[in-house]
Structure formats: C-alpha cells, structure tokens
**Student:** 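Dumping the structure here so I can ask a few things about it.
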Amino acid sequence: MNRLGTATSPYLRQHADNPVHWREWSTEALAEAKERDVPILLSIGYASCHWCHVMAHESFEDETTAAQMNAEFVCVKVDREERPDLDAVYMNATVAMTGHGGWPMTCFLAPDGSPFYCGTYYPRVPRGGSPSFTQVLTAITDTWRNRRDEVDQAAKQVTEALRAQATGLPDAGGAIGAELLDHVVSAVRKDEDTAFGGFGGAPKFPPSALLAGLLRSWERTGDPETYALVERTAAAMARGGIYDQLRGGFARYSVDERWLVPHFEKMLYDNAQLLRAYAHLARRELPAEPGSGGQSLAARVAAETAAFLLDDLGTEQGGLASALDADTPVRPGEPGVEGATYVWTPAELTAELGPVEGAWAAQQLGVTTAGTFEHGTSVLTRLAEPDDPERLDRARTILRDARDKRPQPERDDKVVTAWNGIAITALAEAGAALDVPAWVAAARRCAEFLLRVHVADGRVLRASLGGAAGTSPGVLEDYAWLVTGLLALHQVTGEREWRVRAEEILDAAITHFADPDEPGSWFDTADDAETLVARPRDPIDGATPAGASALAEALLTAAALAEPANAVRYRELAERTLARGAVVLARAPRSAGQWLTVAEAAFHGPLQIAVSVPPGGDAAELLAAARASAPGGAVIIAGEPDSAPLLAERPPVGGQPAAYVCRGTVCDLPVTGAIDLTAALARH
C-alpha cells in the first residue's frame with residue numbers, strides 16, 4: 001500500500017494517490033528490502049520540479065509500471081528539501097556514475113542503502129538514446145537475480161568512493177589575506193558573460209551569494225570594475241524574464257543565456273539570497289534609473305522581492321513557504337502546464353488594456369507576435385525603463401490583477417529552517433538599511449515561529465508543515481542560518497533575547513557537527529543523526545551556500561557580539577573554518593560565493609559599530625549613517641551603555657549618542673555626528 005498520505009512533505013503527498021506502494025525513507029523500508037531480498041528503488045525530487053511531475057505522470061501514475069515496481073522493489077520516495085542529507089549522498093553517487101545529476105533522481109540500492117545504479121529522469125518510452133523506465137526496471141531486476149556479484153561489487157566501489165569524498169578540507173593555515181581575495185575576484189571576472197551579465201552559458205543561474213561577496217570586495221578595494229560587474233549582472237537579471245515583472249521575485253534559473261525564458265519555479269532560497277544582495281546594492285547608492293523618480297533599480301527590485309516573499313510565500317503561522325511550482329494546473333486531471341500563469345500574447349494585453357495601451361505595453365514588456373516562449377506567448381521583460389514610468393505602473397497593476405484571476409501554480413507550504421533563516425537575515429538587514437519597519441517585523445514573526453516550532457530541547461528540526469514540526473533533524477545549514485538570522489535581528493532591534501538564543505543554537509551546532517579530529521571542519525549531519533553509507537560534508541557553495549560557509553558567517557558574527565569568553569572561542573573556530581575554506585576560494589572561485597562573503601567580512605575585522613545611547617536618547621541619525629556606509633558584514637548594535645557586550649564600558653559622550661568604530665581589536669575615538677561617523681567608516 002502507498003504510505004505517503006500522512007507525510008509532512010507536500011511533495012510526498014503529491015504521490016499519495018499513485019498506485020506505487022511508496023513509503024518514506026526508514027529503517028523499516030530497508031529491513032523490508034532485506035526480508036524480501038529485493039533492491040530499493042529510491043526516487044528523490046521536490047514539489048516544484050517540472051520533470052519530477054512529468055515522470056510521475058508518465059510512470060508512477062501508470063498501473064502497469066506501478067505493478068512492476070511493487071513486485072520487484074521496495075519503493076521509497078524522498079523530498080530532497082526535507083532530507084538534504086539523503087539527497088547529498090545519492091546525488092554524489094549519481095554524478096559519480098553518470099557524470100551529471102539532477103531531479104528527479106532515480107537510484108537503485110542494496111538493502112543496506114549502498115547504491116549500485118543511479119540515474120535521473122527516465123521516459124515512459126525509449127527516447128533520445130535513453131531507455132524507457134520499464135526497460136531500466138527489467139534490467140535491474142535481471143542483474144539483481146542473476147548477477148548478484150556484479151551488484152555487490154558496484155555497491156562496494158561506489159560506497160568506498162562516497163566515503164573517500166567525505167573527507168574534510170585541508171587547513172590552509174594562517175589568516176585569509178588580500179592576495180587570495182583579489183585572486184578570487186580576478187578569476188570570477190574572467191568568467192563573466194559581458195554581453196548578457198552573469199557567468200557561463202545556458203542554463204544560467206542567479207549567482208546570489210557571489211554577488212554579495214563581490215560587493216564586499218568592492219567595498220574593500222574600491223575597484224570600479226568589480227562594482228560594474230555586480231551592477232551589470234543585477235540589472236540584466238532584473239530586466240529579464242527570470243524576474244517576475246508583475247509581482248516581483250526570481251525564477252530558479254534561465255534556460256537561455258540572456259535571462260529571457262525562466263524555468264518558472266520560484267524558490268524561497270533564491271529570493272531570500274537575492275533580496276539580501278539587491279538591498280546591499282541599493283544602500284550603497286547605485287545610481288537611479290532615468291525616469292525612476294529617484295528610486296534605483298536595486299531598491300525597486302529589493303522592495304518587490306520582499307513583497308513576493310511576504311505576499312506569495314508567507315504562511316499563516318509566520319513562516320515562509322518553500323516554493324511555487326514551475327507548472328500551473330490548467331485542466332483537472334491533466335499535467336500542469338509550465339509557465340501558464342505568467343506568459344502573454346499581444347491580444348491578451350489588448351484585451352486587458354485596450355488597443356493603444358496594450359500595444360504600448362507590449363513594446364515596453366517584450367511581448368511579440370512571434371512570442372519569446374511557446375505557442376506564440378511571451379515572457380515579460382523590462383529591458384529599458386520607460387519615459388513614463390507611471391503609465392507602465394498603471395499597466396502593470398491591471399495586468400497583475402488580471403493574472404491573479406488565472407490558474408495559479410501550486411505552492412510547497414513546507415517551511416524549511418535554513419531558507420527561513422536566510423530570509424530572516426535578508427528582511428532584517430534590508431528593513432534596517434532601507435528603512436522599512438514592516439520587513440523587520442516580518443523577520444521577527446518568522447524567527448518567533450521557528451524558535452517555537454523548529455527548536456526542541458536545544459536541537460533544530462529541518463521543516464514543518466501547517467505549523468506542525470516534521471521529524472527530520474536539522475542539518476548544519478539549518479543551525480547556521482537560524483543563528484545568523486537571530487543575530488541579524490539582535491543587531492536591528494537591540495534585543496538581548498535574540499543573541500542568547502542564537503548562542504544556544506550555535507553551541508549545539510559546535511557540539512554535534514564539528515569534526516573532532518579536524519578543527520574547523522564540519523559535517524553536514526549531526527553526530528547522532530541516522531547513519532548513512534557516508535556522512536556528508538560538502539564545502540562547495542551551490543544554489544544555497546555550503547553548511548560550512550554558512551556556519552563561518554554565524555561564528556564570525558557571533559564572535560563580534562558575544563560575551564568575551566564565548567567570543568574568543570567563536571572567533572578561533574571562525575578562523576579555522578575560513579582557513580579550510582581558503583582551499584575552495586583558491587580552486588573554485590565561482591563556487592565560493594558565501595566563502596568570499598564571509599572572508600571579506602573577516603578581513604575587515606569584521607568592522608564593529610557600537611552606538612551608545614543615553615536613557616531616552618535617539619540614535620536614529622547615527623544608525624542611519626552606519627547602515628548606509630558600513631561595508632557588508634559589519635556588525636552594528638545600538639543601545640544603552642552595558643546593554644550588550646559591544647556596549648560594555650562605552651558611554652555616551654557629553655550626554656549625546658556616540659558611535660564607537662572598531663576593526664578587530666583596534667578602535668577609533670567615539671564620534672557623535674553622522675558626518676564624522678561616515679568619514680570614520682570611509683577610512684576603514
């Protein structure tokens with residue numbers, strides 16, 4: 001029988017009506033495979049994955065295929081977002097066997113969990129040189145029954161390779177210096193697509209963490225070419241079809257090199273990281289667009305992306321949902337249609353706006369008769385700003401209202417700790433820097449929800465659904481980003497409780513994820529988590545930062561904010577972690593965006609600005625100057641004397657709020673005026 005009906009993952013529930021006897025990953029499933037002496041068929045995907053839906057419709061909903069699966073395998077479904085540990089292990093196996101990876105991932109395992117054959121999507125009928133799914137099933141069963149020695153040998157070899165890959169990074173020794181940081185930026189700049197922005201060719205993914213790191217590099221060096229690279233990429237993405245020109249928010253990637261046609265799924269983790277990057281760009285005073293009324297492109301995109309997070313992904317309990325699907329269900333019982341919610345024809349614009357305004361809007365938004373997508377439809381773009389932005393805004397409002405009446409993509413309501421932690425960080429930082437208190441309030445609600453539901457007995461859980469926590473334990477990134485988000489709230493609000501809870505969670509991460517034999521090296525799963533064929537630890541920054549690089553930021557920030565005894569310990573661990581991350585920075589610069597972001601902050605000290613406020617005083621002017629001028633990664637805190645470790649023995653001056661600026665352990669004299677503070681920050 002199918003056992004997915006009570007799963008906490010929306011993705012698993014999508015398969016609860018399949019005739020396949022799916023079950024979740026468990027020791028019972030492995031035991032059943034051993035008892036029946038059959039392989040495990042492990043299928044890994046996620047709710048907003050287009051090809052996952054295609055394979056489900058073609059094969060998993062088919063009675064004949066399901067009967068073969070049920071008779072010859074123990075069938076296990078896994079949501080990669082809920083179990084990133086399983087996804088990491090078996091993705092490494094898939095890449096090792098096939099040279100590439102992706103989802104849906106289809107792996108065949110021995111009953112002990114060791115993989116012996118892996119692939120991704122298999123069609124219902126042979127196509128493009130790929131065998132059909134049923135042909136694969138038949139071949140696997142034949143090999144299992146008649147050539148078991150080959151299965152055992154393959155499983156042994158793959159398992160040994162996975163365990164070898166799980167060794168820690170070497171310690172590069174010493175602090176990260178300007179030479180290495182400059183090498184990273186130089187290498188990245190050589191890979192830029194100067195014609196269309198970003199890096200590499202199709203498909204093209206938003207380089208979210210890398211943009212943040214490059215901005216911090218520019219703040220250190222003042223190099224105009226680095227800034228120009230960030231500006232080109234940010235503008236190209238924001239003007240292209242990968243960005244939702246009506247409701248804000250970015251799709252997961254562009255299928256072409258021009259950022260024109262997106263793969264339409266919209267992920268929380270992408271948009272949270274991009275909000276952080278665009279808000280950082282906005283506060284560093286990117287020149288305003290012509291005719292924009294003084295608002296920069298970055299500021300507009302930051303505001304619209306924040307609105308997308310809160311309006312489209314916000315849950316009733318205060319968390320943020322994981323994603324919107326790539327496909328839109330148009331007809332009941334039929335597969336969803338990719339992009340159906342988002343694309344337009346000239347006739348549809350005319351129907352909503354009238355002939356004159358429709359023709360004008362089509363020109364402004366890149367809607368052509370031939371179409372830029374499928375079946376004569378076009379993805380909206382905004383390749384240039386109009387002479388009349390108010391006219392375009394009126395058209396966008398009408399089109400947005402009309403689009404809201406169309407069938408909508410399904411939403412994965414699962415709340416993932418790590419991605420919500422990134423969003424808390426981004427909303428708190430952006431809200432403070434761009435003076436939008438509602439974003440800070442949303443970050444607070446989200447943090448309160450995570451602490452209430454996702455933290456139990458000092459440990460972090462991975463996800464929840466409908467306000468009920470799931471059973472999957474948190475992985476390293478969950479701990480790291482929750483800590484960073486709480487510390488961002490502590491800085492913005494000055495409230496002590498956020499820091500206290502952050503340190504409790506950080507201490508738990510240190511206890512359970514550290515490699516005791518290699519200081520500064522971290523596993524992605526806890527020491528008391530389920531034992532898999534290999535204990536994963538991936539130091540490479542991908543669509544989301546590596547757990548280790550995320551923890552490096554948490555440690556570095558905590559070191560600047562904690563009481564002295566803890567601060568020393570956190571700082572030492574941050575330095576040891578970055579010493580290992582130096583290997584990634586040196587050898588894989590484009591896959592080290594978060595490492596670069598943290599390393600630049602560490603090189604700055606990180607810079608610390610403590611604003612001491614007399615009782616009843618107002619530090620708004622000093623705080624605004626600090627948030628506008630301080631480099632990314634700077635630690636900013638305000639409050640009465642001795643209300644936080646950074647404010648210990650730092651009194652106001654002459655009864656006025658005073659800002660203390662320190663780099664590492666070296667501090668300037670306090671300043672009381674915004675102009676003087678801005679000048680002090682410019683010297684650093």
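Just so it is clear, the structure is predicted and the values come from calculations on it, not from any experiment.
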**Student:** Could you tell me which non-hydrogen atom of Ala238 sits nearest to which non-hydrogen atom of Tyr243, and how far apart they are?
**Tutor:**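 Ala238 and Tyr243 have their closest heavy atoms at O-CD2, 3.4 Å.
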**Student:** Can you check whether Gln273 reaches Pro206 side chain to side chain, under 4.5 Å on heavy atoms?
**Tutor:**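 No, their side chains stay 4.5 Å or more apart.
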**Student:** Tell me, yes or no, whether the heavy-atom count around Glu257 atom CD, taken from other residues, nucleotides or ligands under 6.0 Å, exceeds 12.
**Tutor:**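 Correct, the count exceeds 12.
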**Student:** Between the side chains of Asp171 and Arg576, is the shortest nitrogen-to-carboxylate-oxygen separation below 4.0 Å, so that they form an ion pair?
**Tutor:**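 Yes.
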**Student:** Given side-chain contact (heavy atoms from CB on, under 4.5 Å), test Phe264 with Leu324 step by step and report yes or no.
**Tutor:** CA-CA 8 Å; Phe264 290 91; Leu324 296 183; over 6 Å; no
**Student:** Is any side-chain N of the basic residue among Asp515 and Arg580 closer than 4.0 Å to the acidic one's carboxylate O?
**Tutor:**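 Arg580 and Asp515: not salt-bridged.
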**Student:** Looking only at non-hydrogen atoms, find the nearest pair between Ala630 and Ile609 and report the distance.
**Tutor:**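 So the two residues come closest at CB-CD1, 3.9 Å.
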**Student:** Are Leu506 and Leu555 close enough, and set up right, to give a side-chain contact (heavy atoms from CB on, under 4.5 Å), and what steps lead you there?
**Tutor:** CA-CA 8 Å; Leu506 183 57; Leu555 287 165; 3.8 Å; yes
**Student:** Donor-acceptor pair, distance only, cut-off 3.5 Å: does the side chain of Trp595 make one with the backbone of Pro539?
**Tutor:**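 It does hold such a pair.
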**Student:** Treating Ser591 as the side-chain partner and Ile540 as the backbone partner, does any N or O pair qualify as donor plus acceptor under 3.5 Å?
**Tutor:**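 Not confirmed, Ser591 side chain does not pair with Ile540 backbone.
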**Student:** Salt-bridged, Arg571 to Glu575, with N to O below 4.0 Å?
**Tutor:**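 Counted as a salt bridge, because a side-chain N and a carboxylate O are separated by less than 4.0 Å.
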**Student:** Atom OH of Tyr570 and atom OG1 of Thr557: how far apart are they, to the nearest 0.5 Å?
**Tutor:**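 The OH atom of Tyr570 sits 12.0 Å away from the OG1 atom of Thr557.
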**Student:** Checking the side chain of Arg590 only, and the main-chain atoms of Ala187 only, is there a donor and an acceptor separated by less than 3.5 Å?
**Tutor:**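 Checked: no pair found.
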**Student:** Would you compute the distance between atom CG of Leu268 and atom CG of Asn420 and round it to the nearest 0.5 angstrom?
**Tutor:**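 That separation rounds to 5.5 Å.
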**Student:** Which is it for Leu275 and Ile422 under the side-chain contact (heavy atoms from CB on, under 4.5 Å) test, yes or no, and what are the steps along the way?
**Tutor:** CA-CA 10 Å; Leu275 170 59; Ile422 301 173; over 6 Å; no
**Student:** Is the side chain of Glu477 donor-acceptor paired with the backbone N or O of Ala548 at a distance under 3.5 Å, no angle test?
**Tutor:**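 Checking the backbone N and O of Ala548 against the side chain of Glu477, no donor-acceptor pair under 3.5 Å is found.
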**Student:** Mind running side-chain contact (heavy atoms from CB on, under 4.5 Å) on Arg189 and Asp223 for me, showing each step along the way?
**Tutor:** CA-CA 12 Å; Arg189 277 168 47 180; Asp223 177 29; 2.5 Å; yes
**Student:** Picking from Tyr253, Tyr342, Phe373, what satisfies ring pair (Phe, Tyr, Trp, His ring centres under 6.0 Å) with His263?
**Tutor:**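 Answer to the ring pair (Phe, Tyr, Trp, His ring centres under 6.0 Å) test with His263 among Tyr253, Tyr342, Phe373: Tyr253.
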**Student:** Which residues satisfy the side-chain contact (heavy atoms from CB on, under 4.5 Å) test with Arg220, sequence neighbours excluded?
**Tutor:**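 Expected list: Ala178, Leu181, Asp182, Ser217, Glu600, Phe603, His604.
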**Student:** Would you give the length of the straight line joining atom CG of Leu607 to atom CD1 of Ile636, rounded to the nearest 0.5 angstrom?
**Tutor:**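 It comes to 8.5 Å.
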**Student:** Does the side chain of Arg444 come under 3.5 Å of the side chain of Thr493 through a donor N or O and an acceptor N or O?
**Tutor:**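 Their side chains do not contain a donor-acceptor pair, so the 3.5 Å distance test is not met.
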**Student:** Is Trp259 reaching over with its side chain to a backbone N or O of Gly197, donor-acceptor style, under 3.5 angstrom?
**Tutor:**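 Judged by distance alone, yes, a pair lies under 3.5 Å.
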**Student:** Is any side-chain heavy atom of Tyr46 closer than 4.5 Å to one of Asp87?
**Tutor:**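 SC-SC contact between Asp87 and Tyr46 ruled out.
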**Student:** Ala277 and Ser208: which non-hydrogen atoms are nearest, and at how many Å?
**Tutor:**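 Closest approach of Ala277 to Ser208, heavy atoms only: CB-O, 4.2 Å.
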**Student:** Could you tell me whether Arg276 and Glu553 have a side-chain N and a carboxylate O separated by less than 4.0 Å?
**Tutor:**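 Glu553 and Arg276: salt-bridged.
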**Student:** Has the side chain of Thr372 got a donor or acceptor atom that lies under 3.5 Å from a matching backbone atom of Val379?
**Tutor:**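 The answer is yes, because a donor-acceptor pair under 3.5 Å joins these two groups.
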**Student:** Can you tell me how far CZ of Arg382 sits from CG of Leu246, rounded to the nearest 0.5 angstrom?
**Tutor:**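 One gets 10.0 Å once the value is rounded to the nearest 0.5 Å.
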**Student:** Taking the side chain as every heavy atom from C-beta outward, state whether Ile637 and His490 have any atom pair closer than 4.5 Å.
**Tutor:**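 Yes - at least one pair of side-chain heavy atoms lies under 4.5 Å apart.
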**Student:** Could you check if a side-chain atom of Leu392 sits within less than 4.5 angstrom of a side-chain atom of Leu365, using non-hydrogen atoms only?
**Tutor:**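 The answer is yes, as the side chains (C-beta and beyond) meet within the 4.5 Å cut-off.
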**Student:** Are side-chain heavy atoms of Leu210 and Phe199 found at a separation under 4.5 Å?
**Tutor:**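 A side-chain contact exists here, since the closest heavy-atom pair is under 4.5 Å.
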**Student:** When you compare the side chains of Ser48 and Glu265, does any donor N or O come within less than 3.5 Å of an acceptor on the partner?
**Tutor:**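 Yes, because at least one side-chain N or O of Ser48 sits under 3.5 Å from a partner of the opposite role on Glu265.
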**Student:** When you measure from the side chain of Thr226 to the backbone of Leu214, do you find a donor-acceptor pair of N or O atoms at a distance under 3.5 Å?
**Tutor:**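 Not at all, since once roles are kept as given, no pair shorter than 3.5 Å links the two residues.
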**Student:** Counting N and O atoms only, with roles assigned by atom type, does the side chain of Asp524 sit under 3.5 Å from a partner on the main chain of Asp538, one being a donor and the other an acceptor?
**Tutor:**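 Yes: the side chain of Asp524 pairs with the backbone of Asp538.
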**Student:** Is it true that a side-chain atom of Glu304 and a backbone atom of Arg247 form a donor plus acceptor pair closer than 3.5 Å?
**Tutor:**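 No, because the side chain of Glu304 does not come within donor-acceptor range (under 3.5 Å) of the backbone of Arg247.
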**Student:** Just wondering, do Arg300 and Tyr278 contact through their side chains at under 4.5 Å, heavy atoms?
**Tutor:**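 Not touching, per the 4.5 Å side-chain cut-off.
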**Student:** Less than 6.0 Å separating the ring centroids of Phe513 and Phe523?
**Tutor:**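 Between Phe513 and Phe523, the centre distance exceeds or equals 6.0 Å.
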**Student:** Mark yes when over 12 heavy atoms from residues, nucleotides or ligands other than Arg258 sit less than 6.0 Å from its CZ; otherwise mark no.
**Tutor:**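 No, because the 6.0 Å sphere around CZ of Arg258 holds 12 heavy atoms or fewer from other groups.
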**Student:** With no hydrogens and no angle check, just 3.5 Å: does a side-chain donor-acceptor pair link Trp481 and Thr425?
**Tutor:**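 The criterion, which ignores hydrogens and geometry beyond distance, is not satisfied for Thr425 and Trp481.
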**Student:** For the residue pair Tyr479 and Gly474, what are the closest heavy atoms and their distance?
**Tutor:**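 Tyr479 and Gly474 have their closest heavy atoms at CE1-O, 3.9 Å.
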**Student:** So does Glu219 pair up with Arg284, basic N to acidic O under 4.0 Å?
**Tutor:**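 Yes, charged N to carboxylate O under 4.0 Å.
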**Student:** Using a strict 4.0 Å threshold on nitrogen-to-oxygen distance, state whether Arg239 and Glu385 make a salt bridge.
**Tutor:**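 Yes, charged N to carboxylate O under 4.0 Å.
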**Student:** Measuring from atom CG of Leu281 to atom CG of Leu274, what distance do you get when rounded to the nearest 0.5 angstrom?
**Tutor:**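 Going from the CG atom of Leu281 to the CG atom of Leu274 covers 11.5 Å.
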**Student:** Give me the one residue out of Asp312, Asn271, Asp244 that meets side-chain hydrogen bond (donor to acceptor under 3.5 Å, both in side chains) with Lys266.
**Tutor:**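 For Lys266, the side-chain hydrogen bond (donor to acceptor under 3.5 Å, both in side chains) test succeeds with only one of Asp312, Asn271, Asp244, which is Asp244.
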**Student:** What's the shortest heavy-atom distance between Leu260 and Asp256, and which atoms?
**Tutor:**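 Of all heavy-atom pairs spanning Leu260 and Asp256, the closest is N-OD2, 3.0 Å.
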**Student:** Begin from the C-alpha positions of Thr577 and Trp522 and carry the test side chain to side chain donor-acceptor pair (under 3.5 Å) through to its verdict.
**Tutor:** CA-CA 8 Å; Thr577 304; Trp522 307 90; 2.9 Å; yes
**Student:** Between Gly639 and Leu647, what is the shortest heavy-atom contact and its length?
**Tutor:**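 Closest approach of Gly639 to Leu647: N-CD1, 3.5 Å.
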**Student:** Would you mind reporting whether Leu646 and Tyr660 have side-chain heavy atoms less than 4.5 Å apart?
**Tutor:**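 In short, these two side chains do not touch, never coming nearer than 4.5 Å.
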**Student:** Can you find a heavy atom in the side chain of Glu192 that is under 4.5 Å from one in the side chain of Pro207?
**Tutor:**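 No; the side chains remain at least 4.5 Å from each other.
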**Student:** To the nearest 0.5 Å, what is the distance between CD1 on Ile424 and CH2 on Trp498?
**Tutor:**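 Those atoms lie 8.0 Å apart.
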